[in-house]
Protein chains: 2
Amino acid sequence: MATRRAEKMEETRQRLLAAARVAFAEKGYAAASMDDLTAAVGLTRGALYHHFGDKRGLLLAVVTEIDAAMAARAHAIGQQCGTLWDALLAEGAAYIDMAREPEVQRIVLLDGPAVLGDPSQWPSQNSCLQTTTQVLRRLIADGTVRAVDPEAAARLINGAALNAALWVAASNTPEEVLPKAQEAFRVLASGLLA
Amino acid sequence: MATRRAEKMEETRQRLLAAARVAFAEKGYAAASMDDLTAAVGLTRGALYHHFGDKRGLLLAVVTEIDAAMAARAHAIGQQCGTLWDALLAEGAAYIDMAREPEVQRIVLLDGPAVLGDPSQWPSQNSCLQTTTQVLRRLIADGTVRAVDPEAAARLINGAALNAALWVAASNTPEEVLPKAQEAFRVLASGLLA
DNA sequence: ATCGTTACATACGGGGCGTATGTCAACTCG
DNA sequence: CGAGTTGACATACGCCCCGTATGTAACGAT
């Protein structure tokens, strides 16, 4: 089949994606130059526009990739918990933790919403949100959690966690602030219990 | 003394601010042209850079203004409540409501954080956050709310509310979604009660 | 009345994005 | 096996926009 060609093409796509992650994370979306970014991996803007359409398309691809990785990681952590409720708390803590990484923070939490709009409208559908919603739905079904709209609760929980993470990361003393944030998260989440 | 001059100067400052609010809200920060913006009120970029330093400075001024207005409005609503706890819930609901306005959403929630960084680091100190923190401090003191870090709890509460608002506004059917969001907010907040 | 200050306009340079066009290698098919 | 076609990527161009340096005219002080 057309393997040789498609193979190489996929490789350049990945190289561009990787370079974009670094550039967007370090300089931010607006300040990242497409010329510099492509040159860093030995290509030109031609390749970029061929693969991703425009600068925004590139950001979308990067965000989708990171979002999927986050959701997978959170899901894996949740799986290791004895009860579903513990899984929910653990996933929340995981989000707070992940959002401390500069790459996640800058790209997914700050530039992502500004450039691509509300996360729930992204094509990736915000996998993180989906994961949390699923867990909540089951918790409501088995009576652990009060009867609220699962999607609404998931959005609030996620928003709280991500906001907490932003706070921790921007703090001068993250080590002191992190436990406070996690404790507050647990207290707040307990409001959902039946 | 130097009133005539200072008076006029203040007026042009306000005109620029007003034009910026409109432009940033309608086109978004990145797509808003400083040339167009200033021309819309019969001035040039010269005036703008004289008053605000740069494009970012203009956004900061706009954000500060809106933030102050939001905090004032929330505070006023809280004052009308019988108990402090009701005030907290009412303020939360007010934030959800205010964040539905396109101006607030686009400027304060989306572009603000992306361009200016984490809201808690803004010079305006995010008045909204301050207000909520104050109320929480008093609620903890009088034993209504469990002993958590007030700032942490305020950040989470605010994050949840604002995220909910983004969700409502981006939804296709805001009327259906709004009550779900408000209900979920109340349930979540109840976790703070002692 | 003169001079310094300052609010604002004009002019200039640099850079970045998107697109139109070119090129060359890889696959297809007779 | 060779000619044609497709497609991945490079090159070239125009446009817009930001920030700054420079100019100017009005206002206030002395």
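Protein chains get the first letters and strands the later ones, always in sequence-line order, with residue 1 at the start of each. Just so it is clear, the values below take in all heavy atoms, side chains as well, and ignore hydrogens, waters and symmetry mates.
Taking only side-chain atoms of M9(A), from C-beta outward, the nucleotide of dC9(D), dC17(C), dA9(C) with the closest atom is dC9(D). Proximity note for T12(A) (side chain, C-beta onward) versus dC17(D), dC9(D), dG18(C): the nearest is dC9(D).
Put simply, CD on E11(B) is 15 Å from P on dA7(C), counting in whole angstrom units. Going from atom CG of D35(A) over to atom C1' of dA10(D) covers 12 Å, rounded to whole Å. The distance between atom CZ of R45(B) and atom C1' of dA11(C), rounded to the nearest whole Å, is 10 Å. Spacing between atom CG of L48(B) and atom C1' of dA9(C) amounts to 13 Å, rounded to whole angstrom units. Counting to the nearest Å, the P atom of dC18(D) and the NZ atom of K55(B) are 4 Å from each other.
Atoms NE2 and CG, on H51(A) and L17(A) in that order, are 10.0 Å from each other to the nearest 0.5 Å. The distance from the CD1 atom of I77(B) to the CG atom of L89(B) is 13.0 Å, given to the nearest 0.5 Å. To the nearest 0.5 Å, atom CE of residue M98(A) and atom CG of residue L109(A) are 10.5 Å apart.
Distances shorter than 4.0 Å separate some side-chain N or O of H51(B) from OP1 or OP2 on dC8(C).
No donor-acceptor pair closer than 3.5 Å links the side chain of D149(B) to the backbone N or O of K180(A).
Residue contacts shown for S33(B) are limited to sugar-phosphate atoms, with no base heavy atom under 4.0 Å away.
Nearest-nucleotide positions on DNA chain C place A31(A) closer to the 5' end than the other of A31(A) and G46(A).
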